[in-house]
Amino acid sequence: MGLESSVTSPTSAEGSLQAQPLITPSIWSGFWATFKRDMLIAVRHRGEMANPIMFFLMVITMVPLGITPEKGILQILAPGMIWVVALLATLLSLDGLFRSDFEDGALEQLLMSPQPLYFQVLAKVLVHWLTTGLPLTVMAPLLGVMLALPAEGFLPLVCSLLLGTGCLSLIGSIGAALTVALRKGGLLLSLIIMPLYVPVLIFGSSAVSSAIEGFPMGGQLAVLGAFLAFAIMLAPIAAAGALRISVNG
Amino acid sequence: MTDSLIELKNLRCERDERVLFEGLDLQVNAGDIVQIEGPNGCGKTTLLRVLTTSSVDYEGELYWSGKALNISKLDYLNQLLYVGHLSGIKKALTPRENLNWFSGINQGHKRCSIEVALEEVGLFGFEDVPCHHLSAGQLRRVALARLFLTPARVWILDEPFTAIDKQGVANLERLMTEHAAGGGCVILTTHQDMTIQSLRKINLQSYRGVAA
Amino acid sequence: MGWQWFHRLGSPRWFYEKTDAWMPWLAVVSVALLVIGSIWGLGFAPADYKQGNSYRIIYIHVPASFLALAGYYTMAISGAIGLIWKMKLAEAVVKCAAPIGAVFTFIALVTGAVWGKPTWGTWWVWDARITSMLVLLFLYLGVMALQEAFQHQDTANRASAILALVGTVNIPIIYWSVEFWNTLHQPATLKFTSESTIDPSMLYPLLTMIVGFYVFYAWVLLASTRSEVLRRERKTRWVNELAAAKAE
């Protein structure tokens, strides 16, 4: 803490000719600082947290109204429908992931902090998942009941969403980072990210449908887990690069 | 003291195919307070963005304590504090929570307690009031309280006196002088007249691009 | 820094002047190959014993599908070069490769649909290959949309390059997932004629067409990049001198 004394007593011989290296802060302290801050903000804006969930609920309500309330048909539609709507709900909420930080200058501060941006992005994505992906997963069984999902489908639905929504948040963060500087980035974000969601959707909904048909779902869940591991490794790197570009531009 | 902290060599910035400045050489030593001058749109903020590493659209060379910036970037960022137009203050959080975040993502430790820092900027008693209850000037002060907390040597301040009253300006000037005397440096832009004796002024106008 | 300077300032002009002589050759070779391949494939190659004459659309469909994918990789590799070495030329290629690749993808989709009508009796089948092609088209459209969305060319270049790279990492996963999905829902339906069992009398015109498409792609991409380079460098002296020379 050489500098501490130097500022409080300016006459001390602290202006020595070497730049004094400060203690490099640990990665976790930076990760936790951002995680804690974003969690606090999310908790203070509880109302916004409910929006994706309400969207999820309302769109699922539209399905029987728009197609048929007949149980046999709903049963077939249920796994895919729940997955598609969970995907859309995640996409809608992603636009805000970096936007407020970009607009109030916090993002700029993040980029010029000595902390690796990878972990900062990871902290923000984790908060996003805890406030959208996890509630959607918890809600999903209720929607399964509404769409007459057979009993064997519930566990795979929750498991696949638990793994899959993590992938959705991570992959989506790349799109959110690329479009953060654009005034109307929301729709564009969906356009560029949705094709990348195809594998997650395929394996997520097929885990549920094959469990209903009596096949083991372990394979699909393992693939989803692999996707998640892959996304944790790579998506924050791409998002961090995209954030630098967006702030630079 | 001639301890060179930041050095720019032959810096050139272009925006929208217009040259903002070129041939800019600047050496900022420990103990310097440098004011970047020039009319609006002359590239002051762009220069600060280059100095804070948020912009990479420049040609020329940057050095931090004698080493090229791309080698010594982590050390530089460790020593850097930037307060800009946009403060990065979250309205939903209290000043204490905001300041904790700033020190958490930066050096991780503080020179004084948050209470003391907030008292210094005249916000005693506002530690736990959500920031959306504060006025624009008070929000500005929350951001400036970081100057008291940070152990960073390099301060880059974009219009720090906006929405600050006379007393506050005087306090800030005193703080900058102390910081400079302690071996730090300050680079700032402002439209206000400053009373600091040792102020160095760099007018960007004189580095305007010659029409190609 | 010396290198960067070279890339940033030297390359576009060098590229423009160098490729000037190639353009007529590429044009002649690609048109010749395409004409020969089409006449050979449509007129002289024998009819398929199962599909009759309708199989002949592979002479367009297969090369177009090849280029749809190759075009994406061209775009992504240029994007990586542009990001790493800040090479202006590579950045221009990213922008130009996107719409060209999208057109080839679209051609592959349409010819696939045309082929589907006599083969399966319907214009659209959720076949694995066609579905992958559709997702590929979406990826192209995403890059194009992102490229258009930014006001600053530099930001647009870098952002679309990142998206192209992310897409590249995902394409194998997408293809594999769609393949998995397809076997799940339509086990062992009609398969396209696989290239390994094709008769030489059908294969040679196909190879001619594939080479022709590649040369054609190179020609179109170069032409498009050349005009993009001129547009981006319009304020430099060499472009102005060029324009003045053309005007005389």
Original post:
What pair of heavy atoms forms the shortest contact from A/L188 to C/A145, and how long is it?
Top reply: CD1-CB, 3.4 Å
**OP:** Take C/L141 and A/L191, measure what side chain to side chain contact (heavy atoms under 4.5 Å, CB included) needs, and give me the verdict at the end.
**Re:** CA-CA 8 Å; C/L141 295 179; A/L191 289 184; over 6 Å; no
Original post:
How are the rings of C/F180 and A/F203 set relative to one another: parallel (under 30°), tilted (30 to 60°) or perpendicular (over 60°)?
Top reply: parallel
Subject >> Heavy-atom proximity to chain C below 4.5 Å, by part of A/L182 >> reply: side chain
Original post:
What part of C/Y175 is in contact with chain A, defined as an atom under 4.5 angstrom from a non-hydrogen atom: side chain, backbone, both or neither?
Top reply: neither
Original post:
So does A/F55 have more than 12 non-hydrogen atoms from other groups sitting under 6.0 Å from CZ?
Top reply: yes
Original post:
Do you know which of A/S205, A/P195, A/G175 has the most heavy-atom pairs with chain C at a distance under 4.5 angstrom?
Top reply: A/P195
Subject >> Engaged part of A/V223 at the chain C interface, taking heavy atoms whose separation is under 4.5 Å >> reply: side chain
Original post:
Top residue by heavy-atom pair count (under 4.5 Å) with chain A, among C/T131, C/I174, C/V178?
Top reply: C/I174
Subject >> Separation between CG of C/N170 and CD1 of A/I174, rounded to the nearest 0.5 Å >> reply: 7.5 Å
Subject >> Distance-minimising heavy-atom pair for A/A238 and C/V166 >> reply: CB-CG2, 3.9 Å
**OP:** Just do the side chain to side chain contact (heavy atoms under 4.5 Å, CB included) check on C/T155 and A/N248 with the steps written out, would you?
**Re:** CA-CA 8 Å; C/T155 319; A/N248 184 46; over 6 Å; no
Subject >> Which portion of A/L178 sits near chain C, non-hydrogen atoms under 4.5 angstrom >> reply: both
Original post:
So does A/F31 have more than 12 non-hydrogen atoms from other groups sitting under 6.0 Å from CZ?
Top reply: yes
Original post:
So do A/F230 and C/V169 actually touch side chain to side chain, heavy atoms under 4.5 Å?
Top reply: yes
Subject >> Which atoms of A/I245 approach chain C - backbone, side chain, both or neither, heavy atom under 4.5 Å >> reply: both
**OP:** Select one option (side chain, backbone, both, neither) describing which atoms of A/L201 are under 4.5 Å from chain C's heavy atoms.
**Re:** neither
**OP:** Let me know if A/E213 has heavy atoms under 4.5 Å from chain C in its side chain, its backbone, both or neither.
**Re:** neither
Original post:
Given C/L139 and A/L196, is the side chain to side chain contact (heavy atoms under 4.5 Å, CB included) satisfied, shown in steps?
Top reply: CA-CA 8 Å; C/L139 287 173; A/L196 304 176; 3.7 Å; yes
Original post:
Picking from C/A161, C/S160, C/A159, C/G167, which has the most non-hydrogen pairs under 4.5 angstrom with chain A?
Top reply: C/A159
**OP:** Measure the CD1-CD1 distance between C/I162 and A/I192 for me, rounded to the nearest 0.5 Å.
**Re:** 10.5 Å
